[in-house]
Amino acid sequence: MLDPPRDGCERRVIEAINDFGVRKIIYVSCNPATLARDCKILASHDYKLVSIKAFDMFPQTAHVESVVVMQK
């Protein structure tokens, strides 16, 4: 399970996940832009997007939480 800060995962974290042979990732994100960037990197390591869900946890703001499941 990943829940990185707004800047997203560091590249070395994603590389370590791949090197450890993690088969399933649950990624919680508060920033759609860095989520997209990190999903693209994970996809380059053969992770496939299984599901994505957005949650409006702060309805009076523009912020949204997203949960993505990726799997090899």
Side-chain angles (χ1 to χ4, degrees):
M1 180 166 197
L2 296 171
D3 189 3
R6 188 164 290 282
D7 291 339
C9 283
E10 292 184 25
R11 182 72 181 229
R12 66 183 182 176
V13 172
I14 294 174
E15 298 299 330
I17 288 168
N18 184 60
D19 292 345
F20 284 133
V22 174
R23 309 260 323 135
K24 186 176 189 178
I25 298 168
I26 301 170
Y27 190 127
V28 180
S29 176
C30 61
N31 185 340
T34 58
L35 173 63
R37 179 201 67 205
D38 293 347
C39 285
K40 183 177 179 180
I41 296 168
L42 287 163
S44 74
H45 291 295
D46 297 325
Y47 285 93
K48 307 289 184 222
L49 183 66
V50 175
S51 68
I52 185 168
K53 179 79 174 169
F55 295 90
D56 190 4
M57 310 246 333
F58 310 102
Q60 303 304 319
T61 71
H63 299 287
V64 64
E65 293 285 320
S66 301
V67 177
V68 169
V69 177
M70 297 188 83
Q71 191 168 336
K72 273 196 175 186

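Residue numbers count from 1 along this sequence.
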J.: Suppose the criterion is salt bridge (Lys or Arg N to Asp or Glu O under 4.0 Å): which pairs have a residue in residues 23-49, not counting sequence neighbours?
T.: none
J.: Taking the side chain as every heavy atom from C-beta outward, state whether Val64 and Pro32 have any atom pair closer than 4.5 Å.
T.: yes
J.: Only pairs under 3.5 Å count here: list side-chain donor-acceptor contacts from residues 49-56, not counting sequence neighbours, and write none if there are none.
T.:
none

J.: Any chain of hydrophobic side-chain contacts (each under 4.5 Å) joining Val68 to Met1?
T.: no
J.: State plainly whether one hydrophobic cluster holds both Leu35 and Phe58, where clusters connect Ile, Leu, Val, Met, Phe, Trp and Tyr through side-chain heavy atoms under 4.5 angstrom apart.
T.: no
J.: Identify all side-chain donor-acceptor contacts of residues 5-14 below 3.5 Å with residues at least two apart in sequence or on another chain.
T.:
residue, atom, partner, partner atom, Å
Arg6, NH1, Cys30, O, 3.0
Arg6, NH2, His63, ND1, 3.2
Glu10, OE1, Arg12, NE, 2.9
Glu10, OE1, Arg12, NH2, 3.3
Arg11, NE, Glu15, OE2, 3.0

J.: Below 4.5 Å, heavy atoms only, C-beta onward: do Cys39 and Tyr47 meet side chain to side chain?
T.: no
J.: Suppose we screen for side-chain hydrogen bond (donor to acceptor under 3.5 Å, both in side chains). Which residues come up paired with Asn31, at least two apart in sequence or across chains?
T.: none
J.: Check the hydrophobic clustering (I, L, V, M, F, W, Y; side-chain heavy atoms under 4.5 Å; chains of links allowed) and say if Phe20 and Ile41 are grouped together.
T.: yes
J.: Nearest 0.5 Å, what's the CG-CG distance between Leu42 and Asn18?
T.: 8.5 Å
J.: Are Ile17 and Met70 grouped together when hydrophobic residues (ILVMFWY) are joined by side-chain heavy atoms under 4.5 angstrom apart?
T.: yes
